Amino acid sequence: QVQLVESGGGLVQAGGSLRLSCAASGRTFSRSAMGWFRQAPGKEREFVATISWSGGNTYYADSVKGRFTISRDNAKNTVYLQMNSLKPEDTAVYYCAAGFVGGKYSDRTLYNYWGQGTQVTVSS
């Protein structure tokens with residue numbers, strides 16, 4: 001059974017930093033892109049960042065470019081999201097996604113596996 005478990009969320013002041021982790025179990029994703037999405041109350045789940053299977057290519061939403069960094073450790077079957085210069089509008093539940101099947105990285109329907117989410121709250 002595939003499981004994605006996120007951790008590292010919490011409450012932080014604007015301008016602060018958090019590092020999210022997503023540990024996968026049940027199968028290896030070393031040959032698949034992995035990503036992060038987020039969902040704020042009353043809004044649709046939106047793309048945040050994706051990293052290719054090798055880690056050589058990364059893609060970001062414009063809203064987080066220059067502030068967030070996605071990385072992965074295939075030996076640990078884990079993907080990370082380093083979030084710096086956080087803003088109140090970054091407040092959301094952050095979800096890890098894996099099992100990308102190909103196509104547009106920002107399309108959430110192209111990922112087969114999802115974590116349960118971790119809450120990130122940024123106070124002003």
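Being a predicted model, the structure only gives us computed values, none of them experimental. Only heavy atoms go into these numbers, but all of them, side chains included; no hydrogens, no water, no symmetry mates.
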[X] side chain to [Y] main-chain N or O, any donor-acceptor pair under 3.5 Å?
X	Y	result
R67	S85	yes
T78	K76	yes
D73	V79	no
R38	R45	no

N84 versus S17, side-chain donor and acceptor atoms under 3.5 Å: yes
Heavy atoms only: give me the nearest [X]-[Y] pair and the separation to one decimal.
X	Y	result
L4	A24	CD2-CB, 3.4 Å
L20	W36	CB-CH2, 3.7 Å
A33	T50	CB-CG2, 3.9 Å
L81	Y94	CD2-CD2, 4.2 Å

Is there a path from V64 to V93 through hydrophobic residues (I, L, V, M, F, W, Y) whose side chains come within less than 4.5 Å of each other?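 Shared cluster, no.
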Are M34 and V2 linked, directly or through other ILVMFWY residues, by side chains that come within less than 4.5 angstrom of each other?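 Hydrophobic grouping puts M34 with V2.
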Would you say that E46 contacts R108 through its side chain, given a criterion of any heavy-atom pair below 4.5 Å between the two side chains? no
To the nearest 0.5 Å, what is the distance between [atom1] on [X] and [atom2] on [Y]?
X	Y	atom1	atom2	value
L86	T91	CG	OG1	8.5 Å
T69	M83	OG1	CE	11.0 Å
T58	R72	OG1	CZ	12.0 Å
Q1	R27	CD	CZ	14.0 Å
S63	E89	OG	CD	9.0 Å
N57	I51	CG	CD1	9.0 Å

Anything under 30° is parallel, anything over 60° is perpendicular, the rest tilted; go ahead and classify Y111 against F100. tilted
Residue pairs involving residues 9-124 (criterion disulfide (SG to SG under 2.5 Å); sequence neighbours excluded): C22-C96
Taking disulfide (SG to SG under 2.5 Å) as the cut-off, I'd like each qualifying pair that reaches into residues 33-93, sequence neighbours left out, listed once.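 Residue pairs passing disulfide (SG to SG under 2.5 Å), neighbours aside: none found.
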Only one of Y60, Y95, F68 passes side-chain contact (heavy atoms from CB on, under 4.5 Å) with V48, and that residue is F68
Given F47, Y59, F37, the one that forms ring pair (Phe, Tyr, Trp, His ring centres under 6.0 Å) with Y105: Y59
Does R19 make a cation-pi contact with Y80, if we ask for NZ or CZ under 6.0 Å from the ring centre and within 45° of the axis? yes
So, are D90 and K87 salt-bridged, with charged N and O less than 4.0 Å apart?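 No, D90 and K87 are not salt-bridged.
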Looking at K43, I'd like to know if its NZ atom is crowded, meaning that more than 12 non-hydrogen atoms belonging to other residues, nucleotides or ligands lie closer than 6.0 Å.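 Open: at most 12 neighbouring heavy atoms sit under 6.0 Å from NZ of K43.
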Hey, can you pull the donor-acceptor pairs under 3.5 Å for the side chains in residues 117-124, sequence neighbours left out?
{"residue": "T118", "atom": "OG1", "partner": "G9", "partner atom": "N", "Å": "3.3"}
{"residue": "Q119", "atom": "NE2", "partner": "A92", "partner atom": "O", "Å": "3.4"}
{"residue": "Q119", "atom": "NE2", "partner": "T121", "partner atom": "OG1", "Å": "3.3"}

